[in-house]
Amino acid sequence: MEQDTEGKYQLSQVPSLDALRTIDLEQDYHAILVDMRQDRDDSLQSIHYISQQQNKVALIALCRDHAQLQRYKEVIHHLDDYILADHLVDGELPTRITHAIRRRLKEQELLHEQTRLQSLLDNIPDAIFFKDRESRFTKVNKRMQTVYGKAHPSLLGKTDFDLFSEEHAQAAYNDEQQIIRDGQPIVGKLEKETFEDGHFNWVNTTKVPLKDEQGRIIGTMGISRDITELKKAQDTLAHERSLLKTIIEHALAGIFVKDLAGHYLVVNQRHVKYLGAQAEPEVIGKTLYDFFEQSEATRISATDQKIMQSGQSIENLIDYRQRPDGSELWLLTSKVPLRDELGRCIGLVGISLDMTEQKLAERNLKKAIKTLEETKLQLIEAEKLKTVGRLAAGVAHEVKNPLNVVALGAEYLEGQIEGPEEMLEVIQDMRHAIQKANHVIFELLDYSSPHKVAMELGNINEIISQVLALMRHNFNESCITVHEDLSGKIEPVKLDASKMEQVFINLFLNAISVMKKGGSLTVRTRAEQIKSAGDNVSSKLTECFRIGDTVILVEVLDTGSGLNKEAIQKAFDPFYSTKTTGEGTGLGLSVTRSIIEMHHGVMTLQNRTDTQGACVRIWLPASS
C-alpha cells in the first residue's frame with residue numbers, strides 16, 4: 001500500500017511470496033496487508049520474510065475472525081496490527097493502516113535507539129552499571145563484566161562487596177545510598193578501588209539516580225573510567241615537579257625561565273636576590289628593564305634575543321652587573337633556548353652562579369701579588385743600598401787616611417818651595433784635587449753612616465726662606481727667577497734645622513744644574529689632610545701617614561728639560577746621576593731622601609704636568 005498526496009492509500013496486489021521477494025518494500029510501500037484467509041503456509045512464510053527485513057514497512061494481517069487469528073498466534077508478535085474481516089466497519093481500514101504505520105515507525109525508532117545504546121554499552125571502554133535500591137547490579141556493560149566479573153559468570157545480583165575489599169565497597173555503598181536519599185548525583189569522583197588480593201585501581205566515577213516513568217528513584221546508575229595509568233603518570237609528574245622545584249629553590253645558583261619577550265616565567269629565590277627584589281611575585285611577568293638601567297637591560301636582552309633567534313646556547317659567560325645600590329655583581333651564566341614539543345623556540349632557560357666573592361678575591365690577590373712584587377724589589381733595592389753603603393764607608397775610610405798624608409805633604413812642599421812658579425801651580429792643583437776628593441769622601445760617609453738628628457719644633461717656611469737668601473747669588477748667576485708661594489697657615493714641624501737646610505740646598509742646586517740657560521724656580525708650601533691611601537697599599541705615603549692626618553706639603557718646581565722614565569725610577573739610587581763625570585757624585589738625592597725619611601716624611605720626584613720641568617714633593621707630619 002502506498003500513500004498519495006491526499007493521505008489516501010493505493011493498494012497493489014502481490015500474487016506470491018516469490019514476487020514479494022523482488023520488491024524493495026521500504027522504498028515502494030508504507031504497509032503490507034497479508035491476507036491470512038487464504039493459504040496458511042504462504043501467509044506464515046510471508047510474515048516471517050517481512051519481519052526479518054526489519055524495515056519501516058508496517059505489517060498487518062487480515063483474518064476472518066478470532067478463531068482464525070488464534071491459528072496464527074505464533075506470529076502475532078511480528079504484526080503491527082490485525083484486522084478481523086467480520087468486524088470491519090466502513091472507513092475503518094485506512095485509519096487502522098495509518099495507526100499501524102505510526103506504530104511501526106515508533107517501534108523502528110525505538111529499536112534503533114536500543115541498538116545504538118547497546119552498541120555504546122558494548123563498545124565504550126568505560127565500565128557502566130545499573131543498580132537497584134539495595135546497590136545490587138541489575139545491568140552492566142561488557143567492559144564492566146570483563147574487568148570486574150572474572151570470578152563471576154554474571155554480575156547481575158551481585159554487589160560491590162562481592163568484588164572489592166570492604167573498605168572500598170562500604171564507601172561506594174554509602175555514596176549510592178546517599179544518592180537514593182537526596183537524589184543528588186556524584187560527578188567525577190576519584191576513587192581507589194582496592195581488591196581482596198591487595199591490588200588496586202584508580203577510577204574516575206560518576207553516579208546519578210535511576211528513576212522510573214513516574215520520577216521515583218529506583219536505584220542508581222554510573223560510569224567508571226580506569227585512570228590508573230594516568231594517576232601513576234600524574235603521581236610521577238607531581239614527584240618530578242616537586243623534585244624539580246626543590247632543586248630549583250635550593251640550588252646554589254640563580255635559575256630562571258623567560259618567554260620570547262623577556263618576561264620572567266620562573267625564578268628561584270637566589271635569582272630574585274640577583275635582581276634586587278625580595279620575593280618571587282615581584283619578578284614574575286616582569287623584564288630586566290624593571291630592575292636595571294636602560295643601557296644595562298638592553299645589553300643583556302640583546303644577548304637573550306640572539307640565543308632565541310639562533311637557537312645556539314651559551315655557556316660560562318662572565319657577566320658583570322651593578323646592582324641598584326651600586327654594589328658589584330659578577331655572574332657566571334649559561335643560557336639555552338626553551339623549546340616546545342614541536343621544537344619551536346618559545347623562550348630561554350638560564351642558570352647564573354654568583355662569583356662576586358671569587359672576583360673580589362681575585363682582584364685582591366692580584367693587588368697582593370703586585371704588592372709582594374714591589375716589596376720584593378724594594379727589599380732587593382734596600383739590600384743593595386746597604387751593600388753600597390757598607391762599600392762606600394769602607395772605601396771612604398781606606399782612602400781618607402792616605403789622602404790626609406798626601407794633603408799634609410802638599411802643604412809641607414808648598415811651605416818649603418819658593419819657586420819655580422810652575423812647581424807652585426802643580427802643588428796648588430794637588431791641594432784642590434785633595435779637597436775635591438775629601439768632599440766626595442764626606443758625602444760617602446754622610447750617606448753610609450747612621451744619622452743622628454736633633455728634632456725641635458721649627459717653621460719650614462723660615463728654613464726655605466733662609467736657604468733661598470743664602471743662594472741668591474747662585475740664582476742670579478744662573479739667570480733663574482725664584483717664585484715663593486709659602487702658606488702662612490701651616491703648623492710647626494719637628495725637624496733638625498741644619499739637616500733640613502742641607503735638603504733644600506741639594507734640591508736648589510739640582511734645579512740650577514738642569515736650567516743651564518736660566519729658568520724659573522717655584523717653591524710652595526701648604527697644609528693638607530690625607531684623604532686616601534694612594535694607588536698602592538704599600539706605598540711610602542700609606543706607610544707613613546693615615547687617612548685624616550694633617551701634613552705639610554712642600555713642592556719645588558723647575559722649568560728644566562724634565563726626566564726620562566729611567567731617570568725617574570733611578571733618581572734616588574746612590575751614585576746615579578744625569579750629570580757628566582766630575583759634575584756630581586750621584587749621592588745628593590739619596591742623602592736628601594734619607595734626611596726626609598729621618599723626619600718621618602715622604603719625598604717623590606716626577607715630571608710636571610702643567611709645563612716642562614720636574615717637581616719634587618715633600619710631605620712632613622705636622623706637629624699636632
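Nothing here was measured: the structure is a model prediction, and the numbers come from that model. Sequential numbering from 1 along the given sequence is applied to the chain's residues.
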Test item: side-chain donor near acceptor, [X] and [Y], under 3.5 Å:
{"X": "Ser135", "Y": "Glu176", "value": "yes"}
{"X": "Gln529", "Y": "Thr550", "value": "no"}
{"X": "Asn174", "Y": "Gln178", "value": "no"}

Do other residues, nucleotides or ligands put more than 12 heavy atoms under 6.0 Å from [X] [atom1]?
{"X": "His250", "atom1": "NE2", "result": "no"}
{"X": "Glu113", "atom1": "CD", "result": "yes"}
{"X": "His239", "atom1": "NE2", "result": "no"}
{"X": "Lys139", "atom1": "NZ", "result": "no"}
{"X": "Leu190", "atom1": "CG", "result": "yes"}
{"X": "Glu293", "atom1": "CD", "result": "no"}
{"X": "Glu166", "atom1": "CD", "result": "no"}
{"X": "Arg524", "atom1": "CZ", "result": "no"}

Distance (rounded to the nearest 0.5 Å) between [X] [atom1] and [Y] [atom2]:
{"X": "Leu329", "Y": "Ser352", "atom1": "CG", "atom2": "OG", "result": "8.5 Å"}
{"X": "Thr356", "Y": "Leu332", "atom1": "OG1", "atom2": "CG", "result": "11.0 Å"}
{"X": "Gln184", "Y": "Ile186", "atom1": "CD", "atom2": "CD1", "result": "10.0 Å"}
{"X": "Ile227", "Y": "Lys232", "atom1": "CD1", "atom2": "NZ", "result": "12.5 Å"}
{"X": "Glu296", "Y": "Tyr289", "atom1": "CD", "atom2": "OH", "result": "11.0 Å"}
{"X": "Gln234", "Y": "Lys231", "atom1": "CD", "atom2": "NZ", "result": "6.5 Å"}

Non-hydrogen atoms of [X] and [Y] that approach each other most closely:
{"X": "Gly347", "Y": "Cys345", "answer": "O-SG, 3.4 Å"}
{"X": "Glu282", "Y": "Phe291", "answer": "O-CZ, 3.7 Å"}
{"X": "Glu134", "Y": "Thr159", "answer": "O-CG2, 4.5 Å"}
{"X": "Ala297", "Y": "Phe292", "answer": "N-CB, 4.2 Å"}
{"X": "Gly254", "Y": "Asn268", "answer": "CA-OD1, 3.5 Å"}
{"X": "Phe164", "Y": "Thr194", "answer": "CB-O, 3.4 Å"}

Test item: [X] and [Y] side chains (from C-beta on) under 4.5 Å apart, heavy atoms:
{"X": "Ile223", "Y": "Phe129", "result": "no"}
{"X": "Glu196", "Y": "Ser165", "result": "yes"}
{"X": "Phe195", "Y": "Asn201", "result": "yes"}
{"X": "Lys258", "Y": "Val349", "result": "no"}
{"X": "Leu553", "Y": "Arg617", "result": "yes"}
{"X": "Ser313", "Y": "Ser334", "result": "no"}
{"X": "Met221", "Y": "Lys207", "result": "no"}
{"X": "Glu357", "Y": "Trp330", "result": "no"}

- [ ] With side-chain contact (heavy atoms from CB on, under 4.5 Å) as the test, would you mind laying out the steps for Lys335 and Thr333 before giving the verdict?
- [x] CA-CA 7 Å; Lys335 299 178 182 178; Thr333 302; 3.6 Å; yes
Open item on the list: Please evaluate residues Arg270 and Glu249 with respect to the criterion salt bridge (charged side-chain N to carboxylate O under 4.0 Å, His left out), reporting the C-alpha separation (whole Å), side-chain torsions for both, the decisive distance (0.1 Å), and the verdict.
Closed with: CA-CA 8 Å; Arg270 193 172 291 269; Glu249 286 301 323; over 6 Å; no
Task: Residues Lys359, Asp354: salt bridge by 4.0 Å N-O rule - done: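 Judged by the 4.0 Å cut-off on N to carboxylate O distance, Lys359 and Asp354 do not form a salt bridge.
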Without swapping roles, check the side chain of [X] against the backbone of [Y] for a donor-acceptor pair under 3.5 Å.
{"X": "Asp175", "Y": "Ala172", "result": "no"}
{"X": "Ser224", "Y": "Thr205", "result": "no"}
{"X": "Arg216", "Y": "Lys211", "result": "no"}
{"X": "Gln145", "Y": "Leu155", "result": "yes"}
{"X": "Thr138", "Y": "Asp132", "result": "no"}
{"X": "Asp558", "Y": "Ala614", "result": "yes"}
{"X": "Asn141", "Y": "Ile128", "result": "yes"}
{"X": "Asn510", "Y": "Leu507", "result": "no"}
{"X": "Arg143", "Y": "Pro125", "result": "yes"}
{"X": "Thr559", "Y": "Ser520", "result": "yes"}

- [ ] Taking the six-membered ring for Trp and the single ring otherwise, decide whether the centroids of His271 and Tyr264 are under 6.0 Å apart.
- [x]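 Yes.
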Open item on the list: Is the terminal nitrogen or CZ of Lys150 (NZ for Lys, CZ for Arg) located under 6.0 angstrom from the six-membered ring centre of Tyr148 and within 45° of that ring's axis?
Closed with: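 No.
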- [ ] Identify whether NZ of Lys or CZ of Arg in Lys192 sits under 6.0 Å from the centre of the six-membered ring of Phe200 and within 45° of that ring's axis.
- [x]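 Pair Lys192/Phe200 counts as cation-pi.
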TODO: Could you please spell out the steps behind the side-chain contact (heavy atoms from CB on, under 4.5 Å) verdict for Leu275 and Leu288?
DONE: CA-CA 8 Å; Leu275 297 175; Leu288 290 169; 4.3 Å; yes
Task: side-chain contact (heavy atoms from CB on, under 4.5 Å) evaluation trace for Leu348 with Val257 - done: CA-CA 6 Å; Leu348 64 80; Val257 180; over 6 Å; no
Open item on the list: Run Leu331 and Tyr274 through side-chain contact (heavy atoms from CB on, under 4.5 Å) and show every step you take.
Closed with: CA-CA 9 Å; Leu331 298 176; Tyr274 292 167; 3.8 Å; yes
TODO: For Lys106 and Glu109, run salt bridge (charged side-chain N to carboxylate O under 4.0 Å, His left out): C-alpha distance rounded to whole Å, both residues' side-chain angles, the deciding distance at 0.1 Å, then the answer.
DONE: CA-CA 5 Å; Lys106 289 182 178 179; Glu109 183 179 354; over 6 Å; no
Task: Evaluation steps, salt bridge (charged side-chain N to carboxylate O under 4.0 Å, His left out), between Asp160 and Arg136 - done: CA-CA 8 Å; Asp160 285 343; Arg136 294 181 294 238; over 6 Å; no
